[in-house]
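Worksheet: one structure, shown below.
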Amino acid sequence: MMPMTPSEAKNIVVLGVQWGDEGKGKIIDVLSEEVDVLVRYQGGNNAGHTVIAKGEEFVFHLIPSGLLRPGRVGLLGNGVVIDPAVLIEEMQLLEARGINTVDAVKISDQAHVIFPYHKRLDLAREASGDRRIGTTGRGIGPCYMDKVARMGIRIGDLIQPEALAEGLKQNLKEKNRVLETSYGEKPINFDELFAEYSEYAKVLAPHVVNGSLLLREAMDANKKILFEGAQGTMLDIDFGTYPYVTSSNATAGGACIGSGVPPTAIDCVIGVLKAYTTRVGEGPFPTEFSEGMMEEIRTRGNEFGATTGRPRRCGWFDAVIAKHSVWLNGCNSVAVTKLDVLDGLESVDICVGYRLGNETITHFPSDLKTLNACQPIYETMPGWQGATSDASCLEELPPEAQTYLKRLEQLIGIPVSLISTGSAREQSFKTACW
Ligand code: GDP
Ligand code: IMO
Ligand code: MG
């Protein structure tokens with residue numbers, strides 16, 4: 001059977017295939033024109049997804065990036081970890097800019113809640129210097145730890161005062177012990193915390209739903225659904241560069257687990273990839289630039305974190321990683337972003353394999369020790385001198401840029417279905433295989 005194209009598909013996953021910040025927000029905003037329901041399925045406000053529409057910039061942390069379009073429903077699935085203060089602020093900011101969140105935002109009662117002790121433990125552990133990951137400090141890892149340890153407090157508990165009180169009392173005993181004895185920090189007061197979160201509960205309660213049921217009913221009603229990945233495949237807790245990863249499954253499999261739909265419901269997966277590579281935080285990065293080129297691409301691409309403002313590490317396109325991610329996620333096609341950032345370079349390198357001792361490998365190693373021993377093997381392609389940002393179809397791109405994209409397609413084995421050449425909504429076009 002031929003794979004579905006994005007326009008034929010009903011239920012699409014859109015996710016990053018590198019280390020995040022591929023431009024998922026922009027691509028999802030473009031695609032949301034054709035979609036009824038948008039679902040975030042993992043991560044939390046460690047994500048920062050930028051959308052530029054009608055000259056205005058919006059940065060989404062928890063709310064799905066497609067909600068600028070009126071009439072859409074945006075679900076935060078059970079796989080998401082939610083800091084209520086951040087979610088409420090995000091909704092209020094959008095409302096103030098004329099975007100309806102009152103009817104649009106739905107929250108799964110099975111999603112887990114981030115509390116101040118999660119953030120404090122995240123920051124304290126990072127500050128201790130032991131195995132520093134370079135996290136966003138938003139309490140993501142500690143919240144997922146509680147989920148897996150079966151001591152998490154879910155949104156469904158948050159909105160029931162007795163369940164919230166009981167959960168917090170139990171958890172604070174342990175959390176305060178760790179904060180005080182391991183990190184020498186002040187304990188958290190139950191009454192103050194309970195009072196603060198009870199107020200959040202009142203605001204969020206009208207948005208709380210059975211997420212899986214909402215999606216089942218949407219599918220029965222023949223609605224088109226887009227599942228939005230946060231982070232990127234290389235930050236996946238299982239398949240990324242562990243331990244330098246985030247604490248959830250950013251890969252396509254996570255879309256089912258994190259929202260409550262069966263794998264057979266997904267009929268198309270689109271990978272978003274930058275024409276080069278970036279990552280934020282610690283961890284291996286085989287194609288990372290050295291100083292001069294790092295500065296140049298960081299400045300051209302404005303590569304600073306949308307959540308923490310940290311400078312992003314930049315490097316050449318790594319086809320080993322891209323091919324690995326494409327397979328792992330079952331991508332049908334990819335959207336290539338930020339092609340314009342490479343405009344005017346004399347030449348452009350692509351990593352086509354890794355040198356490992358006397359061997360050449362083209363698969364991504366599953367352990368860090370092997371990955372750290374790998375040296376990238378580059379293929380150098382001619383750069384292009386014209387601007388790509390005004391192109392409205394493939395043929396309008398400079399010939400060398402077309403050749404670059406064709407080579408990427410060859411290396412990753414699937415077609416490019418969408419090309420983005422600027423941050424604005426209009427600066428993108430679909431190719432014939434859309
Ligand atoms: P996300 O986390 O994957 O949604 O990506 P971010 O929003 O964190 O980072 C992508 C950045 O690149 C944002 O500032 C976007 O506005 C910008 N961007 C997206 N697509 C393009 C593009 O094609 N060209 C340029 N120059 N910028 C882009
Ligand atoms: P979007 O969705 C880039 C990185 C952090 C750190 C690691 C673990 O915008 O692509 P965490 O706070 O999740 O425990 O940090 O993961 N990280 C991201 N890097 N983009 C993101 O999100 C990220 N979310 C987390 O920098 O290295
Ligand atoms: Mg981002």
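Just so we're clear, the structure is a prediction, and the values are computed from it rather than from any experiment. Counting starts at 1 for both ligands and their atoms, following the listed order.
- In this structure, atom 6 (P) of ligand 1 lies nearest to the protein heavy atom Gly48 O, 3.6 Å.
- In this structure, CG in Leu226 is found 5.5 Å from CD1 in Ile28, a value given to the nearest 0.5 Å.
- When Gly23, Ser420, Ala47 are checked for heavy-atom proximity to atom 20 (N) of ligand 1, Ser420 turns out nearest.
- The side-chain heavy atoms of Thr5 and Asn332, taken from C-beta on, include no pair separated by under 4.5 Å.
- Ring orientation note: the planes of Phe317 and Tyr404 are nearly perpendicular, at an angle over 60° on the 30°/60° scale.
- Using a 4.0 Å cut-off between heavy atoms, Trp19 contacts ligand 2 through its backbone alone, with no side-chain atom that close.
- Contact analysis puts Thr421 in contact with ligand 1, with a non-hydrogen atom separation below 4.0 angstrom.
- Remark: ligand 2 atoms within the under-4.0 Å shell around heavy atoms of Ala47 are 1 (P), 2 (O), 9 (O), 22 (O).
- Closest to atom 15 (C) of ligand 1 among all protein heavy atoms lies Thr50 CB, 4.0 Å.
- Of all the atoms in ligand 2, the ones that sit under 4.0 Å from a non-hydrogen atom of Ala230 are 2 (O).
- Using bins of under 30°, 30° to 60° and over 60° for the plane-to-plane angle, the ring pair Trp316/Phe289 lands in the perpendicular bin.
- Assignment of Lys24 to the shell around ligand 2 is supported, since a heavy atom sits closer than 4.0 Å.
- Taking every heavy atom of Gly422 and a limit of under 4.0 angstrom, the matching atoms of ligand 1 come to 20 (N), 21 (C), 22 (C), 23 (O), 24 (N), 25 (C).
- Checking side-chain atoms of Lys24 against main-chain N and O of Ser65 turns up no donor-acceptor pair under 3.5 Å.
- In this structure, CD1 on Ile107 lies 5.5 Å from CG on Leu76, to the nearest 0.5 angstrom.
- Regarding atom 24 (N) of ligand 1, its nearest protein heavy-atom neighbour is Asp340 OD1, 2.8 Å.
- Residue-to-ligand polar distances place Glu22 within reach of ligand 1: an N/O pair is separated by less than 3.5 Å.
- Of all protein heavy atoms, the one closest to atom 10 (C) of ligand 1 is Asp21 O, 3.9 Å.
- A distance of 5.5 Å separates CH2 of Trp434 from CG of Leu418, quoted to the nearest 0.5 Å.
- Within the 2.8 Å limit, Gly48 places at least one N, O or S atom next to the Mg ion (ligand 3).
- At a heavy-atom distance under 4.0 Å, atoms from both the backbone and the side chain of Lys24 approach ligand 1.
- For a threshold of 3.5 Å applied to N or O pairs, the pair formed by Asp122 and ligand 2 contains no separation below that value.
- Summarising the contacts of atom 19 (N) of ligand 2 with Thr136, Val245, Thr135, Leu235, the nearest heavy atom is found in Leu235.
- Between Thr388 and Asp343, the side chains place a donor N or O and an acceptor N or O closer than 3.5 Å (distance only, hydrogens not considered).
- Annotation: atom 11 (C) of ligand 1 to nearest protein heavy atom, Lys338 NZ, 3.5 Å.
- Taking only nitrogen or oxygen atoms, main chain and side chain alike, Arg138 does not reach within less than 3.5 Å of ligand 2.
- The shortest heavy-atom distance from Gly20 to ligand 1 is not under 4.0 Å.
- Within Asp21, the N/O/S atom positioned nearest the Mg ion (ligand 3) carries the name OD1.
- Among protein heavy atoms, atom 16 (O) of ligand 1 sits closest to Ser423 CB, 3.4 Å.
- For the ligand labelled ligand 2, residue Ser247 lies outside the 4.0 Å heavy-atom shell.
- With respect to atom 24 (N) of ligand 2, the closest heavy atom belonging to the protein is Gln231 NE2, 3.1 Å.
- Residue Gly48 has at least one N or O atom closer than 3.5 Å to an N or O atom of ligand 2.
- Going from atom CE of Met219 over to atom NZ of Lys10 covers 11.0 Å, rounded to the nearest 0.5 Å.
- The part of Arg312 lying near ligand 1 is the side chain, judged by heavy-atom distances below 4.0 Å.
- Between the side chains of Arg138 and Thr307, not a single donor N or O lies within less than 3.5 Å of an accepting N or O.
- Applying the 4.0 Å criterion to heavy atoms of His49 picks out, from ligand 1, the atoms 1 (P), 2 (O), 4 (O), 7 (O).
- Here Val51 has no heavy atoms under 4.0 Å from ligand 1, in either its backbone or its side chain.
- Looking only at protein heavy atoms, the nearest one to atom 3 (C) of ligand 2 is Asp21 OD2, 3.2 Å.
- Here the CZ-CG distance, from Arg72 to Leu67, works out to 9.5 Å after rounding to the nearest 0.5 Å.
- When only non-hydrogen protein atoms are considered, atom 13 (O) of ligand 2 lies nearest to Thr246 OG1, 2.6 Å.
- For ligand 2, none of its N or O atoms has an N or O atom of Glu282 under 3.5 Å away.
- With hydrogens and angles left out, the side-chain atoms of Glu22 and Thr337 include no donor and acceptor closer than 3.5 Å.
- In terms of N/O distances under 3.5 Å, ligand 2 is not approached by Glu22.
- A salt bridge is absent between Glu90 and Arg40: the closest approach of a Lys/Arg side-chain nitrogen to an acidic carboxylate oxygen does not fall below 4.0 angstrom.
- Annotation: the span from Asp238 atom CG to Ser248 atom OG amounts to 10.0 Å, rounded to 0.5 Å.
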Task: CA sep, side-chain torsions, deciding dist, call: His118, Asp146, side-chain hydrogen bond (donor to acceptor under 3.5 Å, both in side chains) - done: CA-CA 9 Å; His118 293 129; Asp146 281 0; 2.8 Å; yes
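- For the residue pair Asn249 / Asp236, a side-chain donor-acceptor distance below 3.5 Å is found, with atom types taken as modelled.
- Comparing Gly281, Gly232, Gly134 by heavy-atom distance to atom 6 (C) of ligand 2, the nearest is Gly134.
- Contacts with ligand 2 closer than 4.0 Å are made by no heavy atom of Arg279, backbone or side chain.
- Proximity to Arg310 (heavy-atom distance under 4.0 Å) selects the following atoms of ligand 2: 5 (C), 26 (O).
- Ion pairing between a basic and an acidic side chain is recognised when a charged N comes within 4.0 Å of a carboxylate O; Lys406 and Glu409 show no such pairing.
- Protein heavy atom closest to atom 27 (O) of ligand 2, with residue, atom name and distance, is Val280 O, 3.0 Å.
- Using bins of under 30°, 30° to 60° and over 60° for the plane-to-plane angle, the ring pair Phe60/Phe58 lands in the parallel bin.
- Here the shortest heavy-atom distance to atom 4 (O) of ligand 1, taken over Ala306, Ala424, Gly16, Gly25, belongs to Gly25.
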TODO: Go through the steps for Gln231 and Gln42 under the test side chain to side chain contact (heavy atoms under 4.5 Å, CB included), then give the verdict.
DONE: CA-CA 9 Å; Gln231 287 76 54; Gln42 45 74 228; 3.0 Å; yes
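- Under the 3.5 Å distance criterion, with hydrogens and angles disregarded, no donor-acceptor pair is assigned to the side chains of Asp318 and Thr287.
- Applying the 4.0 Å criterion to heavy atoms of Lys26 picks out, from ligand 1, the atoms 20 (N).
- Lys274 places a side-chain N or O within 3.5 Å of a backbone atom of Asp21 that can act as its donor or acceptor partner.
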